[in-house]
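Chain letters run A, B, ... following the sequence lines, proteins first and then strands; every chain starts at 1.
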Number of protein chains: 2
Amino acid sequence: MTDQARVSHVGAGEDAAGTFQRMLAIAARLFWAKGYAATTTREIARLVGLQKGSLYHHIEGKEELLYRLCIDALERVQEAAEQSVHQGTDATDRLRRLIHHHVTSMLADRDKHATMLIELRSLTGERRSEVIRLRDRYEALVGEVIAEGQREGIFRADIEPRYLTLSLLNLLNWTIFWFDPERPLSPEALSQILSTVYIEGVSSLAGRADGWRQDRTKRAPG
Amino acid sequence: MTDQARVSHVGAGEDAAGTFQRMLAIAARLFWAKGYAATTTREIARLVGLQKGSLYHHIEGKEELLYRLCIDALERVQEAAEQSVHQGTDATDRLRRLIHHHVTSMLADRDKHATMLIELRSLTGERRSEVIRLRDRYEALVGEVIAEGQREGIFRADIEPRYLTLSLLNLLNWTIFWFDPERPLSPEALSQILSTVYIEGVSSLAGRADGWRQDRTKRAPG
DNA sequence: GTCTATAGTGGGATAGAC
DNA sequence: GTCTATCCCACTATAGAC
(Lines give C-alpha, C1' and ligand atoms only; values in the text may rest on other atoms or scores of the structure.)
Protein backbone atom coordinates (compact mmCIF):
# COMPACT_ATOMS: atom_id res chain seq x y z
CA MET A 1 0.00 0.00 0.00
CA THR A 2 2.69 2.49 0.97
CA ASP A 3 4.75 1.24 -1.96
CA GLN A 4 1.95 1.92 -4.34
CA ALA A 5 1.48 5.40 -2.93
CA ARG A 6 5.16 6.11 -3.42
CA VAL A 7 5.24 4.81 -6.97
CA SER A 8 2.01 6.47 -8.01
CA HIS A 9 3.34 9.99 -7.81
CA VAL A 10 6.31 9.08 -10.03
CA GLY A 11 3.90 8.93 -12.94
CA ALA A 12 0.27 8.01 -13.20
CA GLY A 13 -0.22 4.67 -14.95
CA GLU A 14 3.45 3.76 -15.02
CA ASP A 15 3.08 1.07 -12.43
CA ALA A 16 0.47 -0.87 -14.37
CA ALA A 17 2.96 -3.14 -16.14
CA GLY A 18 4.80 -3.76 -12.88
CA THR A 19 1.60 -4.63 -11.04
CA PHE A 20 0.66 -7.02 -13.79
CA GLN A 21 4.02 -8.76 -13.61
CA ARG A 22 3.67 -9.14 -9.86
CA MET A 23 0.23 -10.58 -10.36
CA LEU A 24 1.66 -13.12 -12.80
CA ALA A 25 4.40 -14.21 -10.42
CA ILE A 26 2.04 -14.57 -7.48
CA ALA A 27 -0.57 -16.36 -9.56
CA ALA A 28 2.09 -18.78 -10.81
CA ARG A 29 3.15 -19.60 -7.28
CA LEU A 30 -0.40 -20.26 -6.14
CA PHE A 31 -1.46 -22.14 -9.27
CA TRP A 32 1.52 -24.43 -8.86
CA ALA A 33 1.06 -24.96 -5.12
CA LYS A 34 -2.71 -25.49 -5.07
CA GLY A 35 -3.83 -25.82 -8.67
CA TYR A 36 -5.53 -23.28 -10.92
CA ALA A 37 -9.13 -24.05 -9.97
CA ALA A 38 -8.38 -24.16 -6.25
CA THR A 39 -6.70 -20.76 -6.29
CA THR A 40 -9.04 -17.86 -5.65
CA THR A 41 -8.80 -14.36 -7.05
CA ARG A 42 -9.27 -13.21 -3.45
CA GLU A 43 -6.00 -14.78 -2.42
CA ILE A 44 -4.15 -13.44 -5.42
CA ALA A 45 -5.46 -9.96 -4.61
CA ARG A 46 -4.46 -10.29 -0.97
CA LEU A 47 -0.89 -11.27 -1.82
CA VAL A 48 -0.57 -8.60 -4.48
CA GLY A 49 -1.87 -6.08 -1.94
CA LEU A 50 -5.07 -5.08 -3.72
CA GLN A 51 -8.77 -5.54 -3.21
CA LYS A 52 -10.42 -8.25 -5.27
CA GLY A 53 -12.18 -5.85 -7.57
CA SER A 54 -8.99 -3.97 -8.41
CA LEU A 55 -7.50 -6.99 -10.17
CA TYR A 56 -9.91 -6.52 -13.04
CA HIS A 57 -8.37 -3.25 -14.01
CA HIS A 58 -5.32 -5.27 -15.12
CA ILE A 59 -6.83 -8.47 -16.44
CA GLU A 60 -9.94 -9.69 -18.21
CA GLY A 61 -10.33 -12.59 -15.86
CA LYS A 62 -8.53 -15.32 -13.96
CA GLU A 63 -7.82 -17.35 -17.06
CA GLU A 64 -5.79 -14.54 -18.57
CA LEU A 65 -3.29 -14.90 -15.74
CA LEU A 66 -2.85 -18.56 -16.56
CA TYR A 67 -2.53 -17.84 -20.25
CA ARG A 68 0.03 -15.09 -19.89
CA LEU A 69 2.28 -16.98 -17.52
CA CYS A 70 2.29 -19.99 -19.85
CA ILE A 71 3.39 -17.74 -22.70
CA ASP A 72 6.07 -16.20 -20.51
CA ALA A 73 7.47 -19.59 -19.56
CA LEU A 74 7.49 -20.93 -23.11
CA GLU A 75 9.03 -17.83 -24.65
CA ARG A 76 11.83 -17.92 -22.15
CA VAL A 77 12.72 -21.58 -22.65
CA GLN A 78 12.38 -21.29 -26.42
CA GLU A 79 14.81 -18.40 -26.50
CA ALA A 80 17.28 -20.25 -24.29
CA ALA A 81 17.07 -23.37 -26.44
CA GLU A 82 17.57 -21.51 -29.71
CA GLN A 83 20.78 -19.99 -28.43
CA SER A 84 22.17 -23.33 -27.36
CA VAL A 85 21.40 -25.06 -30.64
CA HIS A 86 23.40 -22.59 -32.69
CA GLN A 87 26.54 -22.98 -30.62
CA GLY A 88 27.50 -26.63 -30.29
CA THR A 89 30.31 -28.24 -32.22
CA ASP A 90 28.60 -31.60 -32.71
CA ALA A 91 25.27 -33.19 -31.81
CA THR A 92 26.40 -34.36 -28.37
CA ASP A 93 27.68 -30.93 -27.53
CA ARG A 94 24.49 -29.26 -28.78
CA LEU A 95 22.43 -31.68 -26.75
CA ARG A 96 24.38 -30.98 -23.58
CA ARG A 97 23.89 -27.27 -24.08
CA LEU A 98 20.23 -27.75 -24.80
CA ILE A 99 19.73 -29.81 -21.65
CA HIS A 100 21.61 -27.23 -19.64
CA HIS A 101 19.46 -24.38 -20.93
CA HIS A 102 16.24 -26.32 -20.58
CA VAL A 103 16.93 -27.26 -16.97
CA THR A 104 18.25 -23.91 -15.81
CA SER A 105 15.57 -21.94 -17.61
CA MET A 106 12.83 -24.20 -16.27
CA LEU A 107 14.10 -24.00 -12.71
CA ALA A 108 14.81 -20.27 -12.80
CA ASP A 109 11.15 -19.74 -13.65
CA ARG A 110 9.89 -22.72 -11.77
CA ASP A 111 6.38 -21.68 -10.81
CA LYS A 112 5.46 -20.45 -14.27
CA HIS A 113 7.06 -23.36 -16.05
CA ALA A 114 5.49 -25.97 -13.81
CA THR A 115 2.09 -24.33 -14.11
CA MET A 116 2.43 -24.21 -17.87
CA LEU A 117 3.20 -27.92 -17.97
CA ILE A 118 0.51 -29.04 -15.55
CA GLU A 119 -2.36 -26.62 -15.94
CA LEU A 120 -2.66 -26.55 -19.70
CA ARG A 121 -5.88 -28.49 -19.24
CA SER A 122 -7.40 -25.51 -17.43
CA LEU A 123 -7.04 -23.23 -20.45
CA THR A 124 -9.85 -23.07 -22.97
CA GLY A 125 -10.40 -22.16 -26.61
CA GLU A 126 -7.87 -20.18 -28.58
CA ARG A 127 -5.66 -19.48 -25.57
CA ARG A 128 -5.22 -23.19 -25.07
CA SER A 129 -4.48 -23.79 -28.74
CA GLU A 130 -1.82 -21.13 -28.77
CA VAL A 131 0.00 -22.50 -25.74
CA ILE A 132 -0.09 -25.96 -27.25
CA ARG A 133 1.29 -24.54 -30.47
CA LEU A 134 4.22 -22.90 -28.66
CA ARG A 135 4.89 -26.03 -26.65
CA ASP A 136 4.88 -28.21 -29.77
CA ARG A 137 7.23 -25.78 -31.46
CA TYR A 138 9.63 -26.12 -28.57
CA GLU A 139 9.44 -29.88 -28.57
CA ALA A 140 10.05 -29.93 -32.31
CA LEU A 141 13.26 -28.00 -31.73
CA VAL A 142 14.40 -30.61 -29.23
CA GLY A 143 13.44 -33.32 -31.69
CA GLU A 144 15.58 -31.69 -34.37
CA VAL A 145 18.70 -31.87 -32.22
CA ILE A 146 18.06 -35.56 -31.62
CA ALA A 147 17.33 -36.37 -35.25
CA GLU A 148 20.41 -34.49 -36.40
CA GLY A 149 22.53 -36.49 -33.98
CA GLN A 150 21.12 -39.68 -35.42
CA ARG A 151 21.91 -38.57 -38.98
CA GLU A 152 25.45 -37.75 -37.88
CA GLY A 153 25.72 -41.26 -36.43
CA ILE A 154 26.37 -39.90 -32.97
CA PHE A 155 23.09 -41.04 -31.39
CA ARG A 156 21.76 -44.56 -31.57
CA ALA A 157 19.52 -45.22 -34.56
CA ASP A 158 17.75 -48.33 -33.27
CA ILE A 159 15.11 -46.21 -31.50
CA GLU A 160 12.83 -43.85 -33.43
CA PRO A 161 13.75 -40.19 -32.98
CA ARG A 162 10.25 -39.51 -31.69
CA TYR A 163 10.80 -41.81 -28.74
CA LEU A 164 14.31 -40.64 -28.06
CA THR A 165 12.86 -37.14 -27.88
CA LEU A 166 10.02 -38.11 -25.59
CA SER A 167 12.48 -39.96 -23.37
CA LEU A 168 14.54 -36.81 -23.07
CA LEU A 169 11.55 -34.65 -22.24
CA ASN A 170 10.52 -37.23 -19.65
CA LEU A 171 13.92 -37.06 -18.05
CA LEU A 172 13.98 -33.27 -17.95
CA ASN A 173 10.42 -32.25 -17.18
CA TRP A 174 9.59 -34.45 -14.21
CA THR A 175 12.32 -32.60 -12.34
CA ILE A 176 9.84 -29.83 -11.50
CA PHE A 177 8.07 -32.21 -9.15
CA TRP A 178 10.98 -32.72 -6.81
CA PHE A 179 13.63 -30.09 -7.39
CA ASP A 180 14.14 -28.10 -4.22
CA PRO A 181 16.16 -24.88 -4.41
CA GLU A 182 16.87 -25.25 -0.68
CA ARG A 183 18.86 -28.42 -1.20
CA PRO A 184 22.51 -28.38 -2.19
CA LEU A 185 22.02 -29.44 -5.80
CA SER A 186 22.31 -26.59 -8.25
CA PRO A 187 20.41 -26.57 -11.54
CA GLU A 188 23.81 -26.70 -13.25
CA ALA A 189 24.90 -29.81 -11.36
CA LEU A 190 21.55 -31.41 -12.04
CA SER A 191 21.77 -30.70 -15.75
CA GLN A 192 25.16 -32.42 -15.82
CA ILE A 193 23.74 -35.49 -14.13
CA LEU A 194 20.78 -35.66 -16.49
CA SER A 195 23.01 -35.13 -19.54
CA THR A 196 25.29 -37.91 -18.46
CA VAL A 197 22.49 -40.34 -17.74
CA TYR A 198 20.78 -39.60 -21.03
CA ILE A 199 23.87 -39.71 -23.20
CA GLU A 200 25.83 -42.50 -21.51
CA GLY A 201 23.29 -44.45 -19.49
CA VAL A 202 23.75 -45.92 -16.04
CA SER A 203 25.69 -49.07 -16.81
CA SER A 204 29.16 -49.12 -15.34
CA LEU A 205 32.13 -49.13 -17.71
CA ALA A 206 32.85 -52.74 -16.79
CA GLY A 207 29.34 -53.69 -17.80
CA ARG A 208 29.81 -52.08 -21.18
CA ALA A 209 33.15 -53.71 -21.98
CA ASP A 210 32.00 -57.31 -21.97
CA GLY A 211 28.88 -58.57 -23.63
CA TRP A 212 27.78 -55.12 -24.78
CA ARG A 213 26.34 -56.13 -28.09
CA GLN A 214 24.88 -59.41 -26.87
CA ASP A 215 22.97 -57.79 -24.03
CA ARG A 216 21.12 -55.64 -26.53
CA THR A 217 19.02 -58.54 -27.65
CA LYS A 218 17.60 -59.53 -24.28
CA ARG A 219 15.94 -56.41 -23.06
CA ALA A 220 12.46 -57.70 -22.26
CA PRO A 221 11.54 -58.63 -18.71
CA GLY A 222 9.97 -61.97 -18.02
CA MET B 1 -30.08 -48.27 -13.58
CA THR B 2 -31.24 -51.57 -15.00
CA ASP B 3 -27.95 -53.06 -13.91
CA GLN B 4 -28.52 -51.89 -10.41
CA ALA B 5 -32.04 -53.31 -10.38
CA ARG B 6 -30.71 -56.65 -11.59
CA VAL B 7 -28.00 -56.81 -9.01
CA SER B 8 -30.12 -55.55 -6.17
CA HIS B 9 -32.27 -58.66 -5.97
CA VAL B 10 -29.19 -60.85 -5.77
CA GLY B 11 -28.70 -59.49 -2.29
CA ALA B 12 -29.51 -56.16 -0.75
CA GLY B 13 -26.39 -54.10 -0.12
CA GLU B 14 -24.09 -56.28 -2.18
CA ASP B 15 -23.74 -53.73 -4.91
CA ALA B 16 -22.35 -51.05 -2.61
CA ALA B 17 -18.73 -52.06 -3.19
CA GLY B 18 -19.28 -52.20 -6.94
CA THR B 19 -20.86 -48.76 -7.02
CA PHE B 20 -17.99 -47.38 -5.01
CA GLN B 21 -15.43 -48.85 -7.41
CA ARG B 22 -17.27 -47.31 -10.37
CA MET B 23 -17.28 -43.99 -8.59
CA LEU B 24 -13.53 -44.26 -8.10
CA ALA B 25 -12.87 -45.02 -11.75
CA ILE B 26 -15.08 -42.19 -12.98
CA ALA B 27 -13.66 -39.74 -10.47
CA ALA B 28 -10.13 -40.69 -11.55
CA ARG B 29 -10.94 -40.01 -15.17
CA LEU B 30 -12.44 -36.62 -14.42
CA PHE B 31 -9.78 -35.58 -11.91
CA TRP B 32 -7.09 -36.38 -14.44
CA ALA B 33 -8.83 -34.67 -17.35
CA LYS B 34 -9.94 -31.49 -15.58
CA GLY B 35 -8.26 -31.46 -12.20
CA TYR B 36 -9.65 -32.30 -8.79
CA ALA B 37 -10.96 -28.86 -7.88
CA ALA B 38 -12.54 -28.30 -11.30
CA THR B 39 -14.44 -31.59 -11.16
CA THR B 40 -17.90 -31.35 -9.62
CA THR B 41 -19.67 -33.98 -7.60
CA ARG B 42 -22.64 -33.28 -9.87
CA GLU B 43 -20.72 -34.53 -12.89
CA ILE B 44 -19.42 -37.58 -11.08
CA ALA B 45 -22.99 -38.41 -10.04
CA ARG B 46 -24.27 -37.95 -13.58
CA LEU B 47 -21.66 -40.31 -15.04
CA VAL B 48 -22.16 -42.87 -12.31
CA GLY B 49 -25.91 -42.66 -12.95
CA LEU B 50 -26.97 -41.38 -9.54
CA GLN B 51 -28.38 -38.17 -8.13
CA LYS B 52 -25.89 -35.89 -6.37
CA GLY B 53 -27.21 -36.67 -2.95
CA SER B 54 -26.88 -40.40 -3.43
CA LEU B 55 -23.11 -40.20 -3.65
CA TYR B 56 -22.90 -39.47 0.03
CA HIS B 57 -24.24 -42.85 0.95
CA HIS B 58 -20.94 -44.27 -0.33
CA ILE B 59 -18.45 -41.58 0.58
CA GLU B 60 -17.83 -39.02 3.27
CA GLY B 61 -17.02 -36.35 0.75
CA LYS B 62 -15.25 -35.57 -2.49
CA GLU B 63 -11.81 -35.78 -0.94
CA GLU B 64 -12.35 -39.40 0.02
CA LEU B 65 -12.57 -40.28 -3.66
CA LEU B 66 -9.21 -38.69 -4.29
CA TYR B 67 -7.69 -40.39 -1.29
CA ARG B 68 -8.96 -43.85 -2.13
CA LEU B 69 -7.88 -43.79 -5.73
CA CYS B 70 -4.39 -42.68 -4.72
CA ILE B 71 -4.16 -45.63 -2.35
CA ASP B 72 -5.42 -47.97 -5.08
CA ALA B 73 -2.79 -46.77 -7.54
CA LEU B 74 0.07 -46.99 -5.08
CA GLU B 75 -0.87 -50.40 -3.75
CA ARG B 76 -1.01 -51.79 -7.27
CA VAL B 77 2.37 -50.44 -8.36
CA GLN B 78 3.98 -51.43 -5.08
CA GLU B 79 2.79 -55.00 -5.45
CA ALA B 80 4.01 -55.16 -9.05
CA ALA B 81 7.40 -53.78 -8.10
CA GLU B 82 7.90 -56.16 -5.21
CA GLN B 83 7.33 -59.12 -7.49
CA SER B 84 9.87 -57.92 -10.02
CA VAL B 85 12.56 -57.24 -7.46
CA HIS B 86 12.54 -60.79 -6.16
CA GLN B 87 12.98 -62.34 -9.57
CA GLY B 88 15.95 -60.86 -11.38
CA THR B 89 19.29 -62.59 -11.76
CA ASP B 90 21.42 -59.45 -11.45
CA ALA B 91 20.83 -55.74 -10.88
CA THR B 92 20.37 -54.95 -14.57
CA ASP B 93 17.83 -57.69 -14.93
CA ARG B 94 15.98 -56.61 -11.80
CA LEU B 95 15.96 -53.03 -13.04
CA ARG B 96 14.53 -54.03 -16.42
CA ARG B 97 11.79 -55.97 -14.68
CA LEU B 98 11.09 -53.12 -12.32
CA ILE B 99 10.82 -50.63 -15.19
CA HIS B 100 8.55 -53.01 -17.05
CA HIS B 101 6.23 -53.41 -14.10
CA HIS B 102 6.25 -49.73 -13.24
CA VAL B 103 5.35 -48.67 -16.76
CA THR B 104 2.72 -51.32 -17.43
CA SER B 105 1.12 -50.95 -14.01
CA MET B 106 1.06 -47.17 -14.31
CA LEU B 107 -0.45 -47.23 -17.78
CA ALA B 108 -2.95 -49.99 -17.02
CA ASP B 109 -4.33 -47.78 -14.27
CA ARG B 110 -3.56 -44.55 -15.97
CA ASP B 111 -6.24 -42.23 -14.62
CA LYS B 112 -5.71 -43.23 -11.01
CA HIS B 113 -1.96 -43.23 -11.24
CA ALA B 114 -1.77 -39.87 -12.97
CA THR B 115 -4.19 -38.34 -10.49
CA MET B 116 -2.16 -39.73 -7.61
CA LEU B 117 1.00 -38.16 -8.99
CA ILE B 118 -0.49 -34.77 -9.87
CA GLU B 119 -3.22 -34.14 -7.35
CA LEU B 120 -1.44 -35.05 -4.16
CA ARG B 121 -1.47 -31.33 -3.41
CA SER B 122 -5.26 -31.41 -3.20
CA LEU B 123 -5.26 -33.86 -0.31
CA THR B 124 -5.16 -32.53 3.23
CA GLY B 125 -4.16 -33.68 6.68
CA GLU B 126 -3.65 -37.32 7.54
CA ARG B 127 -4.88 -38.56 4.16
CA ARG B 128 -2.17 -36.58 2.46
CA SER B 129 0.49 -37.82 4.86
CA GLU B 130 -0.46 -41.41 4.25
CA VAL B 131 -0.30 -41.13 0.48
CA ILE B 132 3.08 -39.43 0.75
CA ARG B 133 4.21 -42.25 3.03
CA LEU B 134 3.18 -44.91 0.52
CA ARG B 135 4.76 -43.02 -2.35
CA ASP B 136 8.03 -42.62 -0.45
CA ARG B 137 7.99 -46.30 0.38
CA TYR B 138 7.69 -47.13 -3.30
CA GLU B 139 10.47 -44.76 -4.27
CA ALA B 140 12.69 -46.26 -1.59
CA LEU B 141 12.17 -49.66 -3.18
CA VAL B 142 13.30 -48.29 -6.53
CA GLY B 143 16.27 -46.66 -4.82
CA GLU B 144 17.26 -50.01 -3.33
CA VAL B 145 17.50 -51.65 -6.74
CA ILE B 146 19.73 -48.83 -7.94
CA ALA B 147 21.96 -48.84 -4.86
CA GLU B 148 22.32 -52.61 -5.02
CA GLY B 149 23.41 -52.33 -8.62
CA GLN B 150 26.02 -49.81 -7.65
CA ARG B 151 27.35 -52.07 -4.89
CA GLU B 152 27.53 -54.93 -7.39
CA GLY B 153 29.55 -52.66 -9.67
CA ILE B 154 26.96 -52.96 -12.43
CA PHE B 155 25.71 -49.36 -12.31
CA ARG B 156 27.95 -46.34 -12.47
CA ALA B 157 29.15 -45.09 -9.09
CA ASP B 158 30.12 -41.56 -10.10
CA ILE B 159 26.56 -40.29 -9.53
CA GLU B 160 24.90 -40.50 -6.12
CA PRO B 161 22.26 -43.22 -5.90
CA ARG B 162 19.70 -40.59 -4.91
CA TYR B 163 20.12 -38.82 -8.23
CA LEU B 164 20.24 -41.98 -10.30
CA THR B 165 16.94 -42.89 -8.68
CA LEU B 166 15.37 -39.52 -9.31
CA SER B 167 16.57 -39.68 -12.91
CA LEU B 168 14.84 -42.99 -13.34
CA LEU B 169 11.59 -41.77 -11.83
CA ASN B 170 11.79 -38.73 -14.10
CA LEU B 171 12.17 -40.94 -17.12
CA LEU B 172 9.26 -43.18 -16.15
CA ASN B 173 6.69 -40.86 -14.63
CA TRP B 174 6.47 -38.09 -17.20
CA THR B 175 5.16 -40.73 -19.59
CA ILE B 176 1.66 -40.25 -18.18
CA PHE B 177 1.53 -36.83 -19.84
CA TRP B 178 1.84 -38.06 -23.39
CA PHE B 179 1.19 -41.79 -23.55
CA ASP B 180 -1.78 -42.44 -25.80
CA PRO B 181 -3.33 -45.93 -25.79
CA GLU B 182 -4.71 -45.20 -29.26
CA ARG B 183 -1.26 -44.98 -30.78
CA PRO B 184 0.67 -48.05 -31.87
CA LEU B 185 3.16 -48.08 -29.02
CA SER B 186 2.39 -50.66 -26.39
CA PRO B 187 3.35 -50.18 -22.75
CA GLU B 188 5.66 -53.17 -23.19
CA ALA B 189 7.45 -51.63 -26.16
CA LEU B 190 7.71 -48.34 -24.31
CA SER B 191 9.21 -49.97 -21.26
CA GLN B 192 11.87 -51.56 -23.44
CA ILE B 193 12.76 -48.21 -24.94
CA LEU B 194 12.96 -46.54 -21.54
CA SER B 195 15.01 -49.40 -20.11
CA THR B 196 17.46 -49.19 -22.97
CA VAL B 197 17.82 -45.43 -22.78
CA TYR B 198 18.31 -45.52 -19.04
CA ILE B 199 20.73 -48.40 -18.94
CA GLU B 200 22.73 -47.79 -22.12
CA GLY B 201 22.16 -44.14 -22.96
CA VAL B 202 21.63 -42.63 -26.38
CA SER B 203 25.19 -42.46 -27.68
CA SER B 204 25.85 -44.68 -30.67
CA LEU B 205 28.25 -47.57 -30.26
CA ALA B 206 30.80 -45.77 -32.39
CA GLY B 207 30.71 -42.87 -30.00
CA ARG B 208 31.42 -45.17 -27.08
CA ALA B 209 34.34 -46.96 -28.67
CA ASP B 210 36.63 -43.99 -29.10
CA GLY B 211 37.27 -41.37 -26.45
CA TRP B 212 34.85 -42.89 -23.97
CA ARG B 213 36.76 -42.14 -20.82
CA GLN B 214 38.04 -38.79 -21.99
CA ASP B 215 34.56 -37.51 -22.81
CA ARG B 216 33.51 -38.04 -19.23
CA THR B 217 35.51 -35.04 -18.07
CA LYS B 218 33.95 -32.45 -20.35
CA ARG B 219 30.31 -32.68 -19.56
CA ALA B 220 29.52 -29.07 -18.74
CA PRO B 221 27.92 -26.84 -21.34
CA GLY B 222 29.37 -23.43 -22.09
C1' DG C 1 -5.59 2.84 -10.44
C1' DT C 2 -7.79 1.54 -6.44
C1' DC C 3 -11.65 1.35 -3.48
C1' DT C 4 -16.41 -0.63 -1.50
C1' DA C 5 -20.39 -3.07 -2.34
C1' DT C 6 -22.83 -6.48 -4.53
C1' DA C 7 -24.71 -9.11 -8.25
C1' DG C 8 -25.21 -13.72 -9.87
C1' DT C 9 -23.75 -18.34 -10.21
C1' DG C 10 -22.60 -22.89 -8.95
C1' DG C 11 -20.28 -25.51 -5.59
C1' DG C 12 -20.28 -29.47 -1.58
C1' DA C 13 -22.99 -31.42 1.53
C1' DT C 14 -27.38 -32.66 4.36
C1' DA C 15 -32.43 -34.08 5.58
C1' DG C 16 -35.94 -36.97 5.25
C1' DA C 17 -39.22 -39.62 2.24
C1' DC C 18 -39.50 -44.08 -0.08
C1' DG D 1 -29.54 -47.59 -1.61
C1' DT D 2 -31.56 -44.01 -4.08
C1' DC D 3 -34.54 -40.18 -4.54
C1' DT D 4 -36.01 -34.96 -4.19
C1' DA D 5 -35.40 -30.72 -2.16
C1' DT D 6 -32.67 -27.44 -0.12
C1' DC D 7 -29.19 -25.13 2.80
C1' DC D 8 -25.25 -22.45 3.04
C1' DC D 9 -21.25 -20.95 1.43
C1' DA D 10 -17.44 -19.19 -1.63
C1' DC D 11 -16.47 -18.02 -5.96
C1' DT D 12 -15.70 -14.80 -10.29
C1' DA D 13 -16.82 -10.73 -12.06
C1' DT D 14 -19.10 -6.08 -12.35
C1' DA D 15 -20.71 -1.20 -11.01
C1' DG D 16 -19.81 3.06 -9.66
C1' DA D 17 -17.55 6.30 -6.24
C1' DC D 18 -13.10 8.60 -5.47
Side-chain angles (χ1 to χ4, degrees), chain A residues 1-24 26-27 30-31 34-68 119 122-125 127, chain B residues 1-24 26-27 30-31 33-69 119 122-125 127:
Chain A
M1 306 260 186
T2 47
D3 274 343
Q4 278 149 23
R6 181 174 53 72
V7 173
S8 69
H9 70 69
V10 171
E14 275 194 14
D15 201 27
T19 302
F20 180 71
Q21 290 305 323
R22 278 173 52 236
M23 285 170 56
L24 276 194
I26 285 162
L30 293 171
F31 291 167
K34 320 179 10 168
Y36 171 75
T39 300
T40 67
T41 53
R42 285 169 162 78
E43 191 171 6
I44 294 171
R46 190 173 57 80
L47 289 173
V48 174
L50 290 177
Q51 295 301 312
K52 296 164 292 169
S54 308
L55 294 180
Y56 293 87
H57 179 73
H58 301 274
I59 56 171
E60 268 178 43
K62 187 179 164 187
E63 192 181 329
E64 191 188 343
L65 287 171
L66 178 56
Y67 169 69
R68 290 294 297 269
E119 294 288 355
S122 301
L123 281 175
T124 61
R127 287 201 182 100
Chain B
M1 303 265 187
T2 48
D3 273 344
Q4 279 149 27
R6 182 175 52 74
V7 174
S8 69
H9 70 69
V10 171
E14 276 194 13
D15 199 27
T19 302
F20 181 71
Q21 291 305 322
R22 279 174 49 238
M23 284 171 56
L24 276 194
I26 285 163
L30 293 171
F31 291 167
K34 319 179 9 165
Y36 172 74
T39 300
T40 66
T41 53
R42 284 167 163 79
E43 191 171 6
I44 294 170
R46 190 174 55 81
L47 290 173
V48 174
L50 290 177
Q51 295 301 312
K52 295 165 291 168
S54 309
L55 294 180
Y56 294 87
H57 179 75
H58 302 274
I59 57 171
E60 270 179 39
K62 187 179 164 186
E63 191 181 330
E64 191 188 343
L65 287 171
L66 179 56
Y67 168 70
R68 291 293 298 269
L69 69 86
E119 294 287 354
S122 301
L123 282 174
T124 60
R127 287 202 182 100

Does a side-chain N or O from A:H57 land closer than 4.0 Å to OP1 or OP2 of C:dG1, or not?
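Affirmative; the distance criterion is met.
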Counting just side-chain N and O atoms, does A:Q51 come under 4.0 Å of either OP1 or OP2 of C:dT2?
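A:Q51 to C:dT2 OP1/OP2: no side-chain N or O under 4.0 Å.
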Can you tell me how far NE2 of B:H58 sits from CZ of B:R68, rounded to the nearest 0.5 angstrom?
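Taking CZ in B:R68 and NE2 in B:H58, the distance rounds to 13.0 Å.
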Within residues 37-45 of chain A, residues whose heavy atoms come under 4.0 Å of DNA chain D
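Close to the strand are A:T39, A:T40, A:T41, A:R42.
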Who are the side-chain contact (heavy atoms from CB on, under 4.5 Å) partners of A:T40, not counting sequence neighbours?
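Here the qualifying residues are A:R42, A:E43.
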How would you list, by chain and number, every residue that makes a side-chain contact (heavy atoms from CB on, under 4.5 Å) with A:A45, sequence neighbours excluded?
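Only A:L55 meet the side-chain contact (heavy atoms from CB on, under 4.5 Å) criterion with A:A45.
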[X] has an atom [atom1]; how far is it from atom [atom2] of [N], in whole Å?
| X | N | atom1 | atom2 | result |
| --- | --- | --- | --- | --- |
| A:L65 | D:dT12 | CG | P | 11 Å |
| B:E64 | C:dA13 | CD | P | 10 Å |
| B:L55 | D:dC3 | CG | C1' | 12 Å |
| A:R46 | D:dC11 | CZ | P | 11 Å |
| A:L50 | D:dA13 | CG | P | 16 Å |

List the atom of A:V48, the atom of A:M23, and the distance in Å for their closest heavy-atom pair.
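In this case the closest contact between A:V48 and A:M23 is CG2-CG, 3.8 Å.
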Under a 4.5 Å cut-off applied to non-hydrogen side-chain atoms, are B:Y36 and B:L123 in contact?
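When only atoms from C-beta onward are counted, B:L123 and B:Y36 do not touch, as no gap falls below 4.5 Å.
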Can you name the ring pair (Phe, Tyr, Trp, His ring centres under 6.0 Å) partners of B:Y67, sequence neighbours left out?
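Checked B:Y67 against ring pair (Phe, Tyr, Trp, His ring centres under 6.0 Å); zero matches.
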All N/O contacts under 3.5 Å from nucleotides 14-18 of chain C to the protein, with atom names and distances to one decimal?
none

Can you name the side-chain hydrogen bond (donor to acceptor under 3.5 Å, both in side chains) partners of B:K52, sequence neighbours left out?
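By the side-chain hydrogen bond (donor to acceptor under 3.5 Å, both in side chains) rule, B:K52 matches no residue at all.
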